[in-house]
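Each remark here refers to the structure printed beneath this line.
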Amino acid sequence: MLGLIIQIDQSIVLWISHLVGKSSMLDRLMTVLANDYFLPVSISLILLYIWFMGRDFPERHKNQMAVVCGAISIGACMGFVLITNNVWRHPHPFQDMPQLLDPVTKHIFYPIHDPSFPSNSSALTFAAAAGVWQFNRKWGLIMLVPAILMPLAKVYAAVYYPSDVIGGAILGILTAFFIAKIFMPALHVPVAIGVWFLRTLRVG
Amino acid sequence: MEVVRAWQYCIFVFIAVMGMLQLIATCHQLKGMLFIRNKPVTLTLSIAAIVFAFWWFFFRDNRIDTVMRSTGVEGAQQFAVFCWTTFTALVVTLIISSLLQMFVYRRREGTRQEERLEGAYQLRYVSWFEALRLAFRRRDESDAGTHHPD
């Protein structure tokens, strides 16, 4: 079963990597999307916007809870990724197929050193989107766009296998679900105190 | 080989967050957080600030094809720099806008409406300094048992 998944993964990555170098526009777009700073900062700016959004108090409270859930989900998810990385070290496509390193990976991104499974960028972006989605469906769906684009660009750069991205996405979504349904209700009082504190300082 | 430095990331985030905060203040009529009280001008300048920050960090000197294709600020450091810079940008925005309200835009609106608002939305009517003063005054009144809700 694992062998079959690796085979499918490798054939998808090989097929996608054939596109690299064909269009400079597409390559440049993928370089921007795969970048470590572009989408994470964009997502954070969107979270900042959502924090102040809302016509009335209940709507604003719901949006602020969405941001809190998204932020805690990102943090928790990064912890889960670290744990998984220590349990299972899976090589990157450019390590399994060294012929992709120079013409593909170094052309779009750079060879990263962390283990491949699960994809941390996929886990981060999906955790943020799913966390927001628990409280605000519309903005959760909007945040799904960068959540899909960033891991897609990394598959294009032969940095991750599709299964790494899917694994990261599942981890991110499950973490956000856990945070929204179990963690936040259980820690209702500290979360409420934090939000109250920010409101008293007139920044929440 | 040139790589992304933490200070460059810090400047990028600072300008982008300042722009975003002005955009938020314009869109949600948080006059107490505005630098310029003209909606079209602020809207244009805030979007320009965000676009400039992204251009400066990613595209100047063809950085997207050189610097951005190498490892730079590490994940945990990126998170810490982002949080501190965002906090600094927020505080700087609130202080500058409060000083502008105090010395440039004299407050003309009445104070009745602001009493009914909580949190950041009080900035629709008063500056941050004023909102804090009102919040603490109200708390002192309620501690002394003299507070009358609207």
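The figures here come from the full heavy-atom set of this structure, side chains too, leaving out hydrogens, waters and symmetry mates. In what follows, chains carry the letters A, B, and so on, assigned in the order in which the sequence lines appear, proteins first and then strands, with residues in each chain numbered from 1.
Heavy-atom distances place both the backbone and the side chain of A:Tyr37 under 4.5 Å from chain B. For chain B, no part of A:Ile74 is nearby; none of its heavy atoms comes within less than 4.5 Å. Looking at B:Leu123, the atoms closer than 4.5 Å to chain A (heavy atoms on both sides) all sit in the side chain, from C-beta outward. Using a 4.5 Å cut-off between heavy atoms, A:Asp36 touches chain B through backbone and side chain atoms alike. Neither the backbone nor the side chain of A:His113 comes within contact range of chain B, judged by heavy atoms closer than 4.5 Å. Both the backbone and the side chain of B:Met68 come within less than 4.5 Å of a heavy atom in chain A.
A side-chain contact (heavy atoms from CB on, under 4.5 Å) with B:Phe54 is found for one member of B:Trp56, B:Phe57, B:Phe52, B:Phe58 and no other, namely B:Phe58.
Considering only heavy-atom pairs separated by less than 4.5 Å from chain B, the leading option among A:Phe38, A:Trp51, A:Phe57 is A:Phe38.
Using cut-offs of 30° and 60° for the angle between ring planes, the B:His28 and A:Tyr49 rings count as tilted.
For A:Trp15, the CH2 atom sits in a loose shell: 12 or fewer heavy atoms of surrounding residues, nucleotides or ligands are nearer than 6.0 Å.
The distance from the CE atom of A:Met53 to the CG atom of A:Leu48 is 12.0 Å, given to the nearest 0.5 Å.
Using a 4.0 Å cut-off between a side-chain N of Lys or Arg and a carboxylate O of Asp or Glu, B:Glu130 and B:Arg133 qualify as a salt bridge.
The two residues A:Ala157 and A:Phe109 come nearest to each other via the heavy atoms CB-CB, 4.0 Å.
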